[in-house]
Protein chains: 2
Amino acid sequence: MIKPVTIKDLARQLNISISTVSRALRNANDINPDTKETVLKLARELEYEPNFIAQSLVKKQTRIIGVVVPLINSNYFSEALSGMTDLAIEQNYHLMICQSNERVDLENKSIRKLVACNINGLLISVSKDTKSPEVIREAQNKNIPVVMFDRIIPEVSCTKVIVDEYEGAYKAVEHLIRKGCKKIAHIGGPRDLSVSKKRKQGYLDALRDYKIEDDPKLIIHCKSFEEDASNAIRKVLAESPDAIFCINDLTAIMAIQYARKKGFSIPGDIRIVGFNNDPVSGVVQPALTTVMQPGYEVGKLAMGVLIDEIEKKTAKHKLFTLRTRLVTRLSSR
Amino acid sequence: MIKPVTIKDLARQLNISISTVSRALRNANDINPDTKETVLKLARELEYEPNFIAQSLVKKQTRIIGVVVPLINSNYFSEALSGMTDLAIEQNYHLMICQSNERVDLENKSIRKLVACNINGLLISVSKDTKSPEVIREAQNKNIPVVMFDRIIPEVSCTKVIVDEYEGAYKAVEHLIRKGCKKIAHIGGPRDLSVSKKRKQGYLDALRDYKIEDDPKLIIHCKSFEEDASNAIRKVLAESPDAIFCINDLTAIMAIQYARKKGFSIPGDIRIVGFNNDPVSGVVQPALTTVMQPGYEVGKLAMGVLIDEIEKKTAKHKLFTLRTRLVTRLSSR
DNA sequence: CTGAAAGCGCTTACAG
DNA sequence: CTGAAAGCGCTTACAG
């Protein structure tokens with residue numbers, strides 16, 4: 001094991017003080033150019049590398065940004081992480097990424113660990129069950145800028161970056177209306193999730209704006225995203241709608257398959273629209289019309305505003321809302 | 001701005017020395033149980049968190065592990081990252097994740113940055129174009145254990161974790177043969193990628209073992225994964241095969257759709273098998289038979305062996321090969 | 001069992 | 001311009 005070269009080694013060999021070496025290394029202005037040159041030369045020869053940890057300790061600045069997401073392995077979050085990572089490396093920041101696996105306890109543990117690592121900023125998208133802002137506030141109280149994205153909670157006052165789900169849903173339903181649909185059903189998500197509420201509101205408002213009365217029988221909530229969908233689809237089909245706006249692509253695809261099995265043609269008898277623009281939506285038959293959320297951009301923007309807050313020490317606590325894009329495919333033509 | 005609680009604060013409030021506080025905190029054995037209890041109680045009350053940076057400096061151990069992947073936003077890699085993250089947090093390690101975006105220069109830049117952060121270990125899956133092991137060796141020369149996974153290169157001597165692609169391909173083709181297929185085509189990937197070679201070899205060996213002669217006209221390589229597929233599919237179909245083994249799921253799905261458009265029934269006329277078990281493979285019509293690669297397990301295992309090397313300072317440079325699983329679905333029934 | 005002291009590698013007022 | 005000194009928050013021999 002070779003011991004790394006330190007400023008002490010340089011100082012000793014040159015017979016000068018470590019303060020001077022330090023100044024030469026970080027290109028201070030109050031130093032004799034010749035001295036500086038000598039130091040730099042030796043540093044190069046010995047392949048001196050400053051110890052990042054020691055620097056962090058004294059400067060109380062690590063350039064590490066902590067990221068907590070519910071899960072890494074999701075198309076949306078991995079896109080967001082991708083955007084964050086690209087910007088971070090460009091700006092010379094380092095990322096520590098944790099996943100909560102949708103568990104509040106692991107989420108809190110991760111945040112605390114990150115804080116203990118002296119992160120300079122925190123980027124977080126909370127788990128489904130996170131209600132309490134306590135641990136995030138702990139971080140803020142330690143003067144760590146926090147930016148929330150996607151899964152935000154109102155209790156935390158900080159800059160937030162989200163996607164305009166409401167508008168996305170509105171556009172999707174408007175599109176169906178313009179195609180001539182009059183009886184548009186909605187398969188929603190868990191009732192109290194903010195995502196579900198916003199998408200449903202977009203649906204309701206689009207109907208209202210086009211003078212279509214909403215019918216409670218056409219609206220079914222799933223208790224979870226995975227389990228209930230087929231049940232919901234069965235119920236909704238019994239009401240013979242001419243279109244279904246689904247909470248996400250997976251649900252929409254299940255709806256398509258169920259409807260086809262029952263002899264309906266898509267989009268002939270029923271038009272179907274999903275949400276997310278999952279890679280899968282482009283390859284199913286028929287290809288699924290869906291609402292694209294700009295995950296990469298969300299990540300990049302969130303990272304950008306966080307870095308701003310870290311460097312300018314400004315905390316405006318703004319809300320950034322990115323727009324969605326309707327991706328029209330065969331399932332609604 | 002609240003300054004974080006330090007052991008000094010604890011010591012002052014309890015009127016004992018910082019050495020004692022330190023010992024209580026790290027559960028040393030030469031400490032009075034009562035003293036320890038008091039310290040821990042106060043620590044809990046004040047929400048004391050040890051300063052990682054300070055600990056790292058004195059222990060010369062950061063517990064940070066650097067990870068470099070070609071891209072985060074891929075089903076396979078995000079699964080692997082997920083496995084790594086889960087194990088890392090359990091073992092009290094921290095992850096710094098970078099993506100190379102398949103660019104050798106960014107890959108090298110990331111590795112160097114990670115090394116400057118005093119990472120204790122490096123986990124890497126190289127970009128498509130990485131040929132030279134130089135920068136990885138730089139890390140090894142600084143005594144940083146390196147584990148490669150998935151995209152490995154032979155020039156680096158280190159522990160490696162991969163999936164048995166060969167066997168996966170073999171099993172897929174064997175399955176087709178057992179279904180009675182005699183004329184099995186293969187749409188391969190870029191010719192010189194190790195993935196492509198191994199999967200093709202599995203294909204060839206399965207044919208040979210079952211006394212089916214291979215026919216060069218039934219084997220088409222795509223120059224890239226994205227562009228060439230449709231072209232390849234057209235050519236292959238012209239040879240009227242009774243099955244196609246595709247390099248990945250996306251190609252397989254394109255093949256299914258093209259074949260159906262041409263009036264073939266799947267699996268009636270042609271059986272089709274993909275590779276990866278992408279989430280999409282379960283939802284397309286017909287559902288796609290494919291080879292599942294255990295991404296999460298690869299990540300977890302790679303992290304596990306890396307931590308072993310870090311802690312036990314052993315470097316056996318073993319090769320770990322995880323097995324695939326054939327997921328049989330409608331497209332090959 | 002406990003405390004005083006040295007030290008991890010670096011930065012930065014403060015004097016000179 | 002340069003050096004001595006204090007300090008970042010912690011650990012760990014060493015004495016007692």
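Numbers restart at 1 for each chain; the letters A, B, ... are given by sequence-line order, proteins then strands. Model, not experiment: these values are computed from the prediction.
Take the nearest nucleotide of DNA chain C for Y48(A) and for N32(B): the residue whose nucleotide is more 5' is N32(B).
Near-neighbour residues of DNA chain C inside residues 13-25 of chain A, defined by a heavy atom below 4.0 Å, number-ordered: I18(A), S19(A), S22(A), R23(A).
Summarising the local packing, CZ of R26(B) is surrounded by more than 12 heavy atoms from other residues, nucleotides or ligands at distances under 6.0 Å.
Residue T35(A) is in sugar-phosphate contact alone, with no base atom involved, counting any heavy-atom pair closer than 4.0 Å across all strands shown. Here I31(A) lies in heavy-atom contact (under 4.0 Å) with sugar-phosphate atoms only. Using a 4.0 Å heavy-atom distance criterion, F52(A) is classed as making no nucleic acid contact.
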Handout entry: Audit row: N120(A), I144(A), side chain to side chain contact (heavy atoms under 4.5 Å, CB included) steps and yes/no
Key = CA-CA 6 Å; N120(A) 286 162; I144(A) 298 172; over 6 Å; no
Exercise for the section: Please report the C-alpha distance between T130(B) and S127(B) in whole Å, then the side-chain angles of each, then the deciding distance to 0.1 Å, and finally whether the side-chain hydrogen bond (donor to acceptor under 3.5 Å, both in side chains) criterion is met. Expected result: CA-CA 5 Å; T130(B) 302; S127(B) 85; 2.9 Å; yes
Handout entry: Verdict with reasoning, H94(A) to I65(A), per side chain to side chain contact (heavy atoms under 4.5 Å, CB included)
Key = CA-CA 6 Å; H94(A) 304 276; I65(A) 288 173; over 6 Å; no
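Salt bridge status for K41(B) with E45(B): present, with a side-chain N to carboxylate O gap under 4.0 Å. In this structure, E102(A) pairs ionically with R151(A), as a charged nitrogen and a carboxylate oxygen lie closer than 4.0 Å. With respect to the salt-bridge test (charged N to carboxylate O, under 4.0 angstrom), the residues E37(B) and R44(B) qualify.
First and last contacts of DNA chain D with chain A, using any nucleotide atom under 4.0 Å from a protein heavy atom and ordered 5' to 3', fall at dC1(D) to dG9(D).
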Identify every side-chain donor-acceptor pair in residues 298-311 of chain A under 3.5 Å, counting partners at least two apart or on other chains, and give the distances.
from: D308(A); atom 1: OD1; to: K312(A); atom 2: NZ; distance (Å): 3.4
from: E309(A); atom 1: OE2; to: T159(A); atom 2: OG1; distance (Å): 2.5
from: E311(A); atom 1: OE2; to: Y93(A); atom 2: OH; distance (Å): 2.7

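Residues in residues 57-67 of chain A take part in no side chain to side chain donor-acceptor pair (under 3.5 Å) pair, two or more places apart or across chains. Every pair passing side chain to side chain donor-acceptor pair (under 3.5 Å) that includes a residue from residues 68-77 of chain B is listed here, sequence neighbours excluded: S78(A)-N73(B), Y76(B)-D150(B).
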Exercise for the section: Under 3.5 Å for both distances, Watson-Crick or G-U wobble, that's the pair rule; now give the dot-bracket for DNA chain D, with | marking pairs to another strand and [ ] for crossing ones. Expected result: |||.||||||||.|||
